[in-house]
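A, B, ... follow the sequence lines: proteins, then strands. Residue 1 opens every chain.
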Amino acid sequence: MNTSVNLAGVTLKNPVLTASGTFGSGMEFSRFVDLNKLGGVVTKGVSVVPWEGNATPRVAETASGMLNAIGLQNPGIDVFLSRDLPFLKPFNTAKIVNVCGHTEEEYLGAVERLNDSIADILEINISCPNVKAGGITFGTDPVMVEKITKAIKNISRKPVFMKLSPNVTDITEIARAAEAGGADGISLINTLMGMKIDIQRRKCLLANKTGGLSGPAIKPVAVRMVYQVSKCVSVPLIGMGGIASAEDAIEFMMAGATAVSVGTANFRNPRVTEEIVSGIETFMRENHIDDIREIIGCVE
Amino acid sequence: MEYKKAHVVSVNEIAPSIYDMLLKAPTISAQAKPGQFICLYSNDSAHLLPRPISICEVFGEHVRLVFRIAGYGTRELSAKKTGDEVTVLGPIGNGYPEIPKDKTVTVVGGGIGIPPMLYLARKLYENGNELNIVLGYRDAGLFLKDAFAGYGKIFVATDDGSVGFHGNVVGLIEAEKLPVETVCACGPMPMLKGLSAYTEANGGTAFISLEERMACGIGACLGCITKTKETDGHSHVRNARICTEGPVFDSKVLDFTGGKR
């Protein structure tokens, strides 16, 4: 039985990854999950300098989901290179580094520093709804997406996956722009922008007022977008958005994802990623699937 | 810290909307320190985030939690029956620091911040510390007050003046001239801010336990940070994680302005 998949020349032992921002760099979760069992760890967004993020409250539960407005708090690329990647180094799992920035220069600064690192793939976050500049402002304009993808591809010696925002009218237009810019792959979706109001206090629950919605509530939107994008680009996709079980992961793969990221579900069950890996194997055995690649994009 | 199912031994309402739950959770009870908490998960996956609740006491293989109904998750917990299972993660956080036995400690609990002070008061009493125990309530529903008997001198303040001192715990400490060289507290943020200011102004040290909305409970998501005056070794910005570096902090390290300096 083969569970391995190929992401832009990088072989993953299985298609299960961790969604950026929900798993840190794996350190905290490593007491619950054997990181060697995962296809890869996608680390929390890192920027060229440390970011303080937003005020609290930063998270709120919603029906079958949650809102977050962390604001991409991170210690910066220096600490990431000297602490986080060395932590991950001994694990036999792909290291996928998520990069964020406010400006093109900031993205390029971080990407350049990662050229000589052990990162296998870079995932570029042009879709965070919780930062004032950068993030989503890049990810919602196809001209900007193509331009920043090209600029990153020009200097990166690692495969580059662009992480797209669902907060657009036509996701396929943005995906085609990323592909035209030379992206080696596409990750989708980031969170959907949302809001929750405390009706007793007549105030937004999150300090940032708006936040990104994630969890099972967004899964049908994500599956639809992965399906649409897979039909119009030829680069591999990392699918995510509300995956909480092996069945969810398989649904994304059938929609066209080569690999999947598990995010919010880690907060309900810190062992969920490893359980999804074994659940996929069980599904394959029960359905006589010899090679997981058979199901990628199998839905017409 | 472990993530597993625990068995509910009993659940009782001890004051309006305040519930007293006993769980059989041997690993957690063996590891728990005063000031630590556990996360409890809803059986309904539509409510996906854990509910952090402080540890009120431990006895043998049992962990006692006393909580107020604040929403769906705590309402579900309040309706548990003997023998039910609940998934828990813990113990979590740093807990209160060890305090030399020659120190007199003023232990302060406000409202639903009172429960974790019970385990702390017992441990400090067993350590040989002299204790002043200050409990702040809304009204005459003095839940858990009698459980502190024997650990030290007990003082009660109520918001409505129905029992004890009419006012807040800081007013009571001031009126009674209680020592604040070492203060351990848990309660609502305005109380903790006032108590920290009073303690620091009088040259003392306040160890205060904070709460915040959390997602992972293990230090990965950065949902539950609190602003600190200096950068810390983990975040490299001025954001300590309440679930990991906390929930108990020396008030002097915290930036109560929320970073707007």
Notebook entry, point to check: What are the two closest non-hydrogen atoms of B:Val86 and B:Tyr41, and how far apart are they?
Noted result: CG2-O, 4.0 Å
Item checked: Which atoms of B:Met1 approach chain A - backbone, side chain, both or neither, heavy atom under 4.5 Å -> both
Notebook entry, point to check: chain B heavy atoms under 4.5 Å from A:Val79: which part of the residue, side chain, backbone, both or neither?
Noted result: side chain
Next item on the list: Counting only heavy atoms closer than 4.5 Å, note whether A:Phe23 contacts chain B via side chain, backbone, both or neither.
Entry: backbone
Checklist line | Minimal non-hydrogen separation, A:Asn68 against A:Leu206, with atom names | finding: C-CD1, 4.4 Å
Notebook entry, point to check: Out of A:Arg83, A:Arg268, A:Arg271, which one racks up the most heavy-atom pairs below 4.5 Å with chain B?
Noted result: A:Arg268
Item checked: Options B:Ala220, B:Ser45, B:Gly219, B:Pro50, ranked by heavy-atom pairs under 4.5 Å with chain A, top entry -> B:Ala220
Next item on the list: Flag the one option from B:Gly73, B:Cys221, B:Gly71 with the top tally of heavy-atom pairs under 4.5 Å to chain A.
Entry: B:Cys221
Notebook entry, point to check: Among A:Pro57, A:Ala63, A:Pro75, A:Pro216, which residue forms the greatest number of heavy-atom pairs with chain B at distances under 4.5 Å?
Noted result: A:Pro75
Notebook entry, point to check: Non-hydrogen atoms of chain B under 4.5 Å away: do they reach the side chain of A:Ser25, the backbone, both or neither?
Noted result: neither
Note to self: Please identify, among A:Gly21, A:Pro270, A:Pro50, A:Gly24, the residue contributing the most non-hydrogen atom pairs under 4.5 Å to chain B.
What the structure shows: A:Pro270
Next item on the list: Please report the closest heavy-atom contact between B:Glu212 and B:Ile242, naming both atoms and the distance.
Entry: CB-CD1, 3.6 Å
Next item on the list: Apply side chain to side chain contact (heavy atoms under 4.5 Å, CB included) to the pair A:Thr22 and A:Phe29, showing each step before the final yes or no.
Entry: CA-CA 10 Å; A:Thr22 65; A:Phe29 277 90; over 6 Å; no
Item checked: Best-contacting candidate, A:Gly65, A:Gly215, A:Ala207, against chain B by heavy atom pairs under 4.5 angstrom -> A:Gly65
Check: Where does the angle between the aromatic ring planes of B:Phe143 and B:Tyr137 fall among parallel (under 30°), tilted (30 to 60°) and perpendicular (over 60°)?
Finding: perpendicular
Margin query: Show the nearest heavy-atom pair for residues B:Asn94 and B:Gln36, with the distance to one decimal.
Written below: C-CG, 4.2 Å
Next item on the list: Mind telling me whether B:Tyr3 and A:Phe32 have parallel, tilted or perpendicular rings, with 30° and 60° as the class edges?
Entry: perpendicular
